[in-house]
Amino acid sequence: MHESREHLQTLSEIRLLMERSSKFLSLSGLSGVSAGVIALGGAAVVYTRLRTGLFTTIGTYDSRPGNPVNQHDVRQFLVTVAISVLALALASGTYFTVRKARRQGLTVWNQPSKRLLWAMIVPLATGGVFCLALLYYNLIWLSFPATLIFYGLALLNGSKYTLRDVESLAYCEIALGLLSLFWPGYNLLTWAIGFGLLHIAYGLAMYYKYERTPHEERPAGSV
Amino acid sequence: MKNDLLAQFNKAFESKARLSIMSVLMVNDSLSFNALKELLSLTDGNLATHLRALEDAGYVLVQKQFVGRKPNTTYSATPAGQQAFTDHLNALEAFIKNM
């Protein structure tokens, strides 16, 4: 009996090792929550500053001729907000993930995290350049769904190297982005839902699933 | 019956460290010495000894190359090693099911 328990433990350790060595599991749910809050903040700034209303198509009014200043301003403003949101979200996300990895006694910069990063960077950079082209051609409203779609694709690609749950978040982002394509009046709203609410919901779900209950998992392994 | 199953246990995987090394190499194409060390929290000497044993058994392939001037050694599982590992795990599973 004792021997079988020993073998069982060996098997579960092997499974853990295989998962830990091929996937980046230190992604913290709080990273998602903080990114979501920051995105909502960004959306609020855009909403109040442009006074477009949640239901107006951003960029339609500046296609009128004779209004080049306004158009240029909107573009510059949106790019500034987008870059600040991205930088703040990345910084806070990294902070919580590093903190979780430290608590697990793991390093952050390892083979799986490099793989995850690379898997996400290619679609994200493609999306970034794509959006710059859209802005260049004054298709400002189109860049909102485009960020959602490319971000969703990046998550989908990265989900192979991290928690499997990221995959469902990816599908939600892609679906929302595609929906937003045919719903130009609701660009800012769908963007706020995709980057704000979805991140917060996903982050909280992950936090309660993996991080909140370590005391419940412990007795099973340590007997 | 029990002894039959025990006979299928692979001697090369008797130590837990070697089993861990193989399990990590099963899911990664190749890993460096340092990555292995960090993952398994083994000492240099300990890891080197186990790796050599697995290499001698033909289960692990060692590739030495230079990155600039620094030597970089990577390890990967050979097809024979993957087969042996799978067989060993199946034997373990069967053993536990029969208890």
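In what follows, chains are A, B, ... by sequence order, proteins preceding strands, each numbered from 1. The figures that follow rest on heavy atoms only: side chains count, while hydrogens, waters and symmetry mates do not.
- Within the 4.5 angstrom heavy-atom criterion, no atom of A/Glu19 approaches chain B.
- Side chain of A/Lys100 to backbone of A/Leu27: a donor-acceptor contact under 3.5 angstrom is found.
- A donor-acceptor contact closer than 3.5 angstrom links the side chains of A/Gln104 and A/Ser26.
- Between A/Tyr151 and A/Phe195, the ring-plane angle classifies as tilted under the 30° and 60° cut-offs.
- Looking at A/Leu8, both its backbone and its side chain come within 4.5 Å of chain B, counting heavy atoms on both sides.
- In this structure, no portion of B/Leu36 lies under 4.5 Å from any heavy atom of chain A.
- Heavy-atom distances place no part of A/Arg15 under 4.5 Å from chain B, backbone and side chain included.
- For chain A, no part of B/Phe13 is nearby; none of its heavy atoms comes within less than 4.5 Å.
- Within the 3.5 Å criterion, the main-chain N or O of B/Tyr59 finds a donor-acceptor partner in the side chain of B/Thr78.
- A 4.5 Å side-chain heavy-atom check between A/Asn157 and A/Val122 finds every atom pair outside the cut-off.
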